[in-house]
Structures are given as C-alpha cells and as structure tokens.
Amino acid sequence: MQNYEESVSFLGTWGPFQRRVFFFICLTCVPSGYNILSVIFLLASPPHHCKIPVHSNLSQDWIQASIPVQGAGQTERSSCRRFELDLVQNLSAAGLSPNALLNSSREEEDCQDRWNYSTEHYQSTVVTEFNLVCRDRWKHPLSSLVYFLGGLCGCFLFGQLADRFGRKPVLFACLAMISIFSCALAFAPSWPVFTVLFFMLGSGQIAGFIVGFVLGSEILIGSARVLFTSLGYPFAYVISMILLTGTAYLVRSWRHLSLIMAVPGLACIPLWWMIPESPRWLLSRGRWQEAELVLKSAALENKVEPPNTIFASANVENATDQKAESYSFLDLLRTSNIRHIMLILWIIWFSESLSYFGVSFNTSSLQGNPYLNYFLLTTVELPAYVTVWLSTCNLPRRVSFISFTLLGSLALLLVQVTQHSHPAVTLFLVLLGKYGIMAGNGLMYVYSGEMLPTVIRNTAMSSCAMFSRLGSCVSPYLLQLAVFYQFLPWIVVAGLSLLSVVLCGFLPETFREPLPDTIQQMAVKQRFRWPWTSTPPSQDDWKSAKDQLTAPEIICMTRL
C-alpha cells in the first residue's frame, strides 16, 4: 500500500507552492468570517418606547410622563406601553402638571403610533426599520433562526456537491452567493423578503468556510497542514470578524453595512486562478492524470524534480478507467466504524455551536458598550487559536479538547456568582469561558478532519456543520430561558460543554496518525477510556480493516 503523503513528499512541506496555497485559501474564509456576526449587528434591538405623534400638541414633559415606568421602584420606562393618549391630552389641556398622571386611573394602551428608538449605538437596524418589537418581537429571533437554517441547508447541499464535483468550484460558488445576497439584503423592501435573502446568505456562509477548510487540509501535508487547520485559517476567520465589528462601529446603518459585507467575496473571485483543486480529491475520483498535473506544476514552482510517475501501480490503467464510486450522506451511517464516530461528532458539534453562539448572544446582557464587548469577545479567539496550534503540534487531541472545554464550562458556571456584584470579574469570566469553548471548537475542526476519510470528508464535515448550525438555530432562543431563572442560559451553555467532554472520551486518538482515505481505514470502534490511556489501533485492527476492503478500494488505496 502506497501512502499518499509519502508519494508527494518530494514537494516538501513549506515551499513556494505551499505558501501560495496557504495564503490564498486563508483569504477565501474572510467573506465567511465577515458575515457571521451580521446576525448581531443587522438585527440589533436598541432601547425603544412608544412614539407620541407630533399632532398631539403635548410638551416634552408630558411626552416623557406619558410613558409608564416598568415595575415599582424602577426608573426604566416601558418599551411597549403608554398611558392612553386621550387621557394625557385631556389632563394637559386642563392645565395640570404631568404629576397628575400619578393620581389618575392610569389607563394604559399598546403603542399605536410606532416607536422611538435610541440612536446611541445604532442609526438603523432591521429591527428598527421593520419594527420587530413588542407584538412582532417574535420575528426578531426568527430572523436569526432563518439565517442559521440557511447554513444548515447549505452544509447539507454543498458538502455533497463538493465531494462529487470538486472542492474548488463549490468554494467559489459559495463566495459568489455571499456577495450576491449580501448586496441584495441592502434593497430588501420588507421583512419577509429580508428573511428569504438572509436564508440564502446563511447557506453560503458556513458552507464556504467548511469547503475551504477541507481544500486546504487536503492539499497541504505535515506541519503545514497543522499550521493551516489550527492557526492560519481560523486566524483569518477571526480577524475578519473583528473587521466587521469595526465596520459596524463606523457604519451604523444596516443597509450600508449589508453593501459593505459583499466586498470581501467579490475581492476573492480572482483567486480562482491562484488556487488548485485538491489532488487527494482528484485521486479519490479516479482522475489520476489531473492529480499528477497539479503536483508536477507544484514541483516546478518549488524547483524540485518530480518522479516520472508519482502514483506508480501495476493497475494504473484499469484504476484510471474505472468509474469512481460516489458516496452520499447515507454512507455516514452505513458501517459501524463511521456511524459510531459520526453520531458522537454530531452531538459534540451541536453542543459546541450552541455554547459558542449562546455566549455571543448573551453578551447583550452585560454592561458597557456593545461594540467593545463584542470586540473583546471576538479578539479572545486569537489567543485561543494560538493555543490550539501549540496543542495540535505537541499534545493528543482528546486531552487538549477535554482540557479546553472544561476550562470554558467552569468559567461560565461561575458567572452567576459575580454578575451583579462584580461586573469586571463577570466580563473576565465570560471571556475566559469564550476562550475555552473557542479553543475546544477550533480543535474539534482539526480533530474531525483527521478522523474522516478523503472519499467522504467534505460530506462528513458538512454534516457536522449541519448539526453545528442546528445548535446555532436554538441559540437565539436561549435568552428566553432567563424568564425561568436569570442564570439559566449560562448554566445550559456550561452543561452542554460538559456533555461534549464526556462524549469525547469515546472518540479515537488521531495524534500523528495519517489521514484516512477510505471509510475502511478509519479507526475501529472502541469503548470509553480516559484520554491519557488512549493507544493507537493495533496492527491486527488495521489488518482486519484491510481484509474487508473491496477490490476497487484496494486499487485506490494502492495508488494513494
């Protein structure tokens, strides 16, 4: 059996070809990162109260007094109620002072003349333009839900397309979708049209990120792949999120912000001519000559001499002529070795995503400037990914994931102790919790990609992203749990992270193991064991898996 990475070792790991691929594929994730926080800024809900029409002829004191105070002993005025306008006008016309409202029957009514919104932080948002408040406040979390549902559907569709038609064309199709629908959002005339366009934007956002991640991890090998998956690609993603936070601070109108969100995707289109197709994927589809052409071009760029035949085999002609087998979503559940791993990964990705977005959305309950809070919450991901890179280079995957996720869970559980008494400590704990969850999340991308085989890697990673998006779909409603108990959202987020820690104990270790190319090469099912006692599969296990291969798979693996 000829190993793929041994076959392409003549290229080296960090030549001009690898540096070019590394840099340009990292750039392709900028549009995805630049759009992910659009849910927070486009759908921001600023403080508001009932609007008193100009023709009511009321003084400013009477207008302010006409908005009732929420609850006894509080100073915050109601967002959705006002005193009956006829009552206020009659008392004002009688020459009474606004204090007369305190002695009246205090009849209240819902807002009848729209709302006045605070412009302290936002000039306009989707919420303020389409009035997604009070009676229509259910539309606010639904808008976020639609965006994440788009991501779920996009992962399901584009993951299978990338495994069938190639990583590169699907990646650039996603970039085009992000640009087109970001631009279209700016011209949405109504909330229903906005939700449809937002759904389409979400379908391209996460799918583009996943396909780019898989493309880079398949082209690069060795230390270059570890650097790309654990540091380079995530760093570019986080920096683009920070850029959106700065852009949203400068551009307070949601329509103008939507237009600007289309720019990174358009700027990436010329990269089509700079990024090659994955040779691993070409080999898995039986396209040997195209794969060798990519690698020989890379050798020319790296100024090394390639072998005359890179993938030597006695059956090369038969293997080339043979139609490559197509895999679908159902193949993830067909055999026990991949089914066992996928079920665990789906639950972990769901829990990690719900925790990640739960922390992000729950930041609105913290004190201080929202832009600064989101900036800090995003910036803390940078040291998280540096830690992920260091751990992937030196530590087993399971030990690292469990350590990071436990740290994040414990920090978030402590939030309920300090939120009211020590705001600064609370912010530190939230940042520490985000750090731990983000480090675990970043490591899970690397870990999952190392467990899954080339022939179905994009479909499998996209299915994980589907469950990730399912978790993010639930996250906008996580804040509603505060109705039952103020700190329940934080407890749920921490509890789900702890669930991920337990499930990780059932996964195989992949540290310094080669990437599997077929489903049969995946690690065999194992019982729960503590991560520090993990051992790689024995030679008998690999021999047993090899004996189960069909003839076409043996040919393919021999060539790889």
Side-chain angles (χ1 to χ4, degrees), residues 38-56 58 62-72 74-89 101 104-150 185 187-199 202 252-255 258 357-358 361-365 370 472-486 488-489:
S38 61
V39 175
I40 294 174
F41 295 114
L42 297 183
L43 295 170
S45 181
H48 53 276
H49 58 79
C50 295
K51 183 177 182 179
I52 307 299
V54 178
H55 60 76
S56 61
L58 294 175
W62 275 103
I63 290 176
Q64 184 175 0
S66 63
I67 308 299
V69 184
Q70 292 180 329
Q74 298 187 18
T75 59
E76 183 180 356
R77 297 196 173 272
S78 174
S79 299
C80 301
R81 303 281 290 175
R82 71 181 185 187
F83 292 121
E84 288 187 356
L85 189 57
D86 291 340
L87 169 66
V88 176
Q89 288 177 318
L101 280 172
S104 68
S105 55
R106 296 174 59 87
E107 291 89 352
E108 296 181 9
E109 61 183 3
D110 293 333
C111 299
Q112 305 294 327
D113 302 287
R114 301 169 68 91
W115 293 263
N116 285 326
Y117 296 94
S118 169
T119 57
E120 180 183 2
H121 299 300
Y122 306 98
Q123 180 182 339
S124 68
T125 69
V126 175
V127 172
T128 64
E129 182 158 339
F130 300 130
N131 295 308
L132 309 184
V133 295
C134 298
R135 291 185 299 270
D136 289 330
R137 63 179 174 268
W138 58 272
K139 296 179 181 178
H140 183 198
L142 181 61
S143 300
S144 302
L145 172 64
V146 166
Y147 178 81
F148 292 125
L149 283 176
L185 277 181
F187 303 97
S190 62
W191 178 75
V193 174
F194 171 84
T195 55
V196 173
L197 297 175
F198 212 34
F199 176 90
R252 305 295 180 96
S253 169
W254 75 272
R255 292 189 182 273
S258 298
F357 284 100
F361 285 126
N362 227 17
T363 305
S364 59
S365 65
S472 55
C473 288
V474 178
S475 60
Y477 296 94
L478 193 63
L479 290 175
Q480 310 300 322
L481 296 177
V483 175
F484 305 101
Y485 178 59
Q486 181 180 3
L488 190 56

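The basis for the numbers below is simple: all heavy atoms, side chains too, and nothing from hydrogens, waters or symmetry mates. Along the sequence shown, residues are numbered consecutively beginning with 1.
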Taking atom CZ of R114 and atom SG of C50, what is their separation to the nearest 0.5 Å? 13.0 Å
Please identify each residue that fulfils side-chain contact (heavy atoms from CB on, under 4.5 Å) with F130, with sequence neighbours left out. V126, L132, W191, F194, W254, R255
I need the minimum non-hydrogen distance between R252 and H121, along with the two atoms involved. NH1-O, 2.8 Å
How about P46 and T119: do any of their side-chain heavy atoms sit closer than 4.5 Å? no
Given disulfide bond (SG atoms under 2.5 Å apart), test C111 with C134 step by step and report yes or no. CA-CA 9 Å; C111 299; C134 298; 5.0 Å; no
Between F198 and S143, what is the shortest heavy-atom contact and its length? CD2-O, 3.6 Å
Side chain to side chain donor-acceptor pair (under 3.5 Å) involving R81 - partner list, sequence neighbours excluded: D110
Pairing residues for Y122 by the side chain to side chain donor-acceptor pair (under 3.5 Å) criterion, not counting sequence neighbours: none
Non-neighbouring partners of V193 that pass side-chain contact (heavy atoms from CB on, under 4.5 Å), sequence neighbours left out: A188, P189, S190, L197
Any chance you could measure I40, atom CD1, to T125, atom OG1, to the nearest 0.5 Å? 13.5 Å
Determine yes or no for a side-chain-to-main-chain donor-acceptor pair under 3.5 angstrom, with S144 supplying the side chain and V39 the backbone. no
Filter on salt bridge (Lys or Arg N to Asp or Glu O under 4.0 Å), then keep only pairs touching residues 42-52, sequence neighbours left out; what's left? none
Start with the C-alpha distance between Y147 and L145, add both sets of side-chain angles, then the distance that settles side chain to side chain contact (heavy atoms under 4.5 Å, CB included), and finish with yes or no. CA-CA 5 Å; Y147 178 81; L145 172 64; over 6 Å; no
Could you give me the CA-CA distance, side-chain angles and deciding distance for L42 and S258, then say whether side chain to side chain contact (heavy atoms under 4.5 Å, CB included) is met? CA-CA 8 Å; L42 297 183; S258 298; 3.8 Å; yes
Could you measure the distance from the CD atom of Q112 to the CD1 atom of I52? Nearest 0.5 Å is fine. 10.5 Å
Distance-only, no hydrogens or angles: does the H140 side chain make a donor-acceptor pair with backbone N or O of L43 under 3.5 Å? yes
N131 and D136: CA distance, side-chain angles, deciding distance, side chain to side chain contact (heavy atoms under 4.5 Å, CB included) verdict: CA-CA 7 Å; N131 295 308; D136 289 330; 5.7 Å; no
Contacts of Y117 meeting ring-ring contact (aromatic ring centres under 6.0 Å, His included) (sequence neighbours excluded), chain-then-number -> H48
Between the OG atom in S79 and the CG atom in N116, the distance rounded to the nearest 0.5 Å is 12.0 Å
How far does OG1 of T195 sit from CG of L185, to the nearest 0.5 angstrom? 10.0 Å
